[in-house]
Amino acid sequence: MRLELKNIYKSFGEKEVLKGVNFTAESGKAFGLLGRNGAGKTTTIRILMDVFPADSGEILVDGKPIDYEELDFGYLPEERGLYPKKLIIDQLVYFAELKGMGHKEAVKAVDYWLDKLEVSEYRNKRLDTLSKGNQQKIQFITALAHNPKIIILDEPFSGLDPVNAILLKDVVKEQIAEDKIVLFSSHQMSYIEEFCDSIAIINAGKVALCGDLHDIKRNYVRDRLVVQTTNPQPIQADFASACTVRENGSLLIQLNDPAEKQSVMKRLVESYDIDEVKVFEPSLNDIFVEYAGEQI
Amino acid sequence: MKQFGKILKFELFGYLKNKVFVGITIFLVIAIAIAMFIPNIVDLFKPDEGEGASSVIVDGGDSGLPVMLIYAEDGRLAALVKQYFAEAFTGYNVSVAEGTLDEVKDRIKNGDVKCAFAMDSASSYTYYVNNLLMYDTDKAIADTVLQNVYIATAMIQNGMTPEQAGKVISVQIKGETVTLGKDQMQNFFYTYFMVFALYMVILLYGQMVATNVATEKSSRAMELLITSAKPTSMMFGKVLASCIAGLAQLVIVFGTALTLYDVNKDAWGDNILIESMFNIPVELFAYLLVFFVLGFLIYAFLYGAIASTVSKLEDINTAIMPVTFLFVFAFFVVVFSMSSGNVDNTVMKVCSYIPFTSPMAMFTRICMSTVAWYEIAISIAVLIGSTVGVGFLAAKIYRVGVLLYGKRPKIGSILKAVRKA
């Protein structure tokens, strides 16, 4: 399954929030939707979920206009919230039913997920009696219980302890393996790097960068070297201003020309005591800052 | 449609599981049950009638009655007035005052004497009483008696015999009233009662709908709801659920009252007020139901829509104030018209066609006056049309409103957004 957003425009009053958003997400892969606060991520998600229509543009599934009667969405909103005073089982079943499940089917699915996420002991408790992490798990169930084909997760792992984070990560990986489209939106770049094959960076209502994450990294100009060494001073003296120290203590050497790569590497290994030398590949964080950093 | 049913069910169960809602209903039922048994309870504590009767005889006459004094400088006038007053005021022990006027006043103040009439002449007096009651009829009775005395005296002076004069004055006029339309006297109580019930339930449940919507928004459950269900289903499901809950509560409370009244009918005897309250014609119940449901819906939609524009629960009260004012205004127009005795005045006539006031205004007119069927039909048709219109508008405002956080938007900007949506 292929989900395509084409030229989505949206204004609220005078304010133009989306100025032509385009991206394509495929099933069986996770897609990362990145952008700074206010860039238009939530608006894009809401248009995708038919909360309000776009001013123009189209949303296609496998090349055909999206049919909301047929396609189910699972959504984990960034602003978490359910009914604090109602029983967990009641509200989870209610949300599953709203998504079109029958009552018995919904109860069964909810029980399955409560068990899987290790929160079945809270089944008949009120939501506000649970810890934040457990509330988060309950919220997760609302996105997954009705077995949707497209899952949208906004900051899915925030506020979780490492053990729970691993539990939910495994769940997300399972969903991806079940050939679903998983859309991630997060500011925690490490999670996006871990899960997502493709990304789109939205900046000021436009897609600033889009594509396969691996390709994006590969296509960066390979004109920098990372050098790991126990004795950095001689190298720093040698390369002078072309050499900077990174946060983790390794050295970053800027080349004049990508073609120099081999010769410089050879010179480094022969002349100095080097533990490791490799071509610098930018992290997603670096890419994000570059594309979304100053353009708002 | 399927979603609507599920939302309706969920919201309805929300009411049934709400301890406050259930508690209030149970409390009302118990309170009404007690009220309905009051005559039986009172009977239990009453001493036997036989004993009571004999004790009065032993006491020997009217010494237990409050004392009314007649004071006049002219002893003959005092005696004359005393004679007539004794006949008119059977609830008093009427006697001629001895001593000065100041002594009479002192006796009133210390409670020996209930009241006194100080006669200046046969047609002029001063009425002395310690605490004047709100419904003191003594003075009015005295006026009538004195006027009759005066007329009789004049007649006698002009040559009539006292018997002739007495006959003329005591002539009884025979008259009979046949009510072809509605008897306002009899209808007043139950109309007032039903209008008040309408007022209370709509106000109470309207605000419950408002709180309900605002809670969903402030707890951010809305983020998920709005992506799971259509705003129209949400709005209609919520409002209809509260309407059913309110109706159920009314039926339970009124049903208890009616059943228990039936059980205790004999004990209540001929209490006119209670009897008139429970002798409501069936077709009025049908009208009550129609106006209740429509009035409830139109206000609940408004409350829901307004609450959806509020981000914090604390802001609800100020936000819904205009709607509450509108409703209270409608209530007061109706109540004032009812107590003025003219429910067909121009304001009421106009109000019985305006959708926000017609549930109470038209209903009152149907109860207490004669309204042509086509007037009722027009009023109900206008109300149905507006309710559906307000419902869809409310759903639109709701969809725009629930996603707005922060400062409450102005009405203008909401309407602009609604028109675009």
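Chain naming here is simple, since letters A, B, ... match the order of the sequence lines and numbering starts at 1 in each.
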Next on the checklist: Can you classify the ring geometry of A/Tyr83 versus A/Phe95 as parallel (below 30°), tilted (30 to 60°) or perpendicular (above 60°)?
Outcome noted: parallel

Checklist entry - Given the options B/Ser228, B/Pro231, B/Ala229, which has more heavy-atom pairs under 4.5 Å with chain A than any of the others? => result B/Ser228

Item to check | Region of A/Glu78 in contact with chain B, defined by heavy-atom distances below 4.5 Å | outcome: neither

Item to check | Contact origin within A/His146 toward chain B - heavy atom pairs under 4.5 Å | outcome: neither

Checklist entry - Hey, which of A/Ile45, A/Asp90, A/Leu87, A/Val51 has the most heavy atom pairs under 4.5 Å with chain B? => result A/Val51

Checklist entry - Does atom NZ of A/Lys169 have more than 12 heavy-atom neighbours, drawn from other residues, nucleotides or ligands, at distances under 6.0 Å? => result yes

Checklist entry - Are more than 12 heavy atoms from other residues, nucleotides or ligands located less than 6.0 Å from atom OH of A/Tyr68? => result yes

Checklist entry - Quick one: do the A/Gln91 and A/Lys86 side chains pair a donor with an acceptor below 3.5 Å? => result no

